[in-house]
**Student:** 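First the structure, which I've put down as structure tokens, then a few questions once you've had a look.
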Amino acid sequence: MARRLITGATIWAGVDCVPRRGWLLIEGELIAKVGGADEPVPAADETVDAAGRHVLPGFVDTHTHVSLAAWMSYGGD
């Protein structure tokens, strides 16, 4: 099973879905692990440098609501 590592991206994941710099490990077609920029990077068969990009694991159709959700913590409605 191939292991692909995406590094340097802003990752939107977790229960609170707060964007943070980090990495994402994919094994086959599944997300195996998500880590912060301060966590050790695992070994992988392929590494993709996604610096300056956003990764939204689990989002199937992000549509335009992501940009709206980002402003909710600032009191947007």
Side-chain angles (χ1 to χ4, degrees):
M1 180 178 317
R3 292 168 52 104
R4 177 178 291 160
L5 180 67
I6 299 174
T7 62
T10 298
I11 309 287
W12 296 65
V15 176
D16 54 1
C17 200
V18 173
R20 63 185 175 124
R21 297 281 309 224
W23 51 264
L24 180 106
L25 179 64
I26 302 167
E27 291 183 354
E29 296 182 11
L30 300 175
I31 297 168
K33 189 169 183 181
V34 178
D38 58 340
E39 296 179 51
V41 178
D45 301 313
E46 177 186 2
T47 300
V48 177
D49 179 9
R53 295 178 172 88
H54 292 260
V55 175
L56 294 88
F59 279 59
V60 176
D61 180 5
T62 59
H63 193 58
T64 60
H65 299 284
V66 171
S67 60
L68 297 173
W71 291 102
M72 293 306 288
S73 61
Y74 297 104
D77 187 12

**Student:** Does the side chain of W23 come within less than 4.5 Å of L5's, by heavy atoms?
**Tutor:**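 In short, these two side chains touch, coming nearer than 4.5 Å.
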
**Student:** Closest approach of I11 and G22, non-hydrogen atoms and distance?
**Tutor:**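 Minimum heavy-atom separation between I11 and G22: CG1-C, 4.0 Å.
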
**Student:** Scan the side chains in residues 25-40 for donor-acceptor partners under 3.5 Å anywhere in the protein, sequence neighbours excluded, and list what turns up.
**Tutor:**
unit_1	atom_1	unit_2	atom_2	d
E27	OE2	R3	NH1	2.4
E39	OE2	G36	N	2.9

**Student:** Under the salt bridge (charged side-chain N to carboxylate O under 4.0 Å, His left out) test, which residues partner R4, sequence neighbours left out?
**Tutor:**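 Only E46 meet the salt bridge (charged side-chain N to carboxylate O under 4.0 Å, His left out) criterion with R4.
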
**Student:** Can you name the side chain to side chain contact (heavy atoms under 4.5 Å, CB included) partners of T10, sequence neighbours left out?
**Tutor:**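 Listed in chain order: W12, P19, R21, H54.
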
**Student:** Would you give the length of the straight line joining atom CD1 of I6 to atom OG1 of T47, rounded to the nearest 0.5 angstrom?
**Tutor:**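 That separation rounds to 10.0 Å.
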
**Student:** Over all heavy atoms of both residues, which pair between A9 and V55 is shortest? Give the atoms and the distance, please.
**Tutor:**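 Closest heavy-atom pair between A9 and V55: CB-CG2, 3.6 Å.
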
**Student:** Same cluster or not: L24 versus V48, using hydrophobic residues (I, L, V, M, F, W, Y) connected whenever any side-chain heavy atoms lie under 4.5 Å apart?
**Tutor:**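 Same hydrophobic cluster.
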
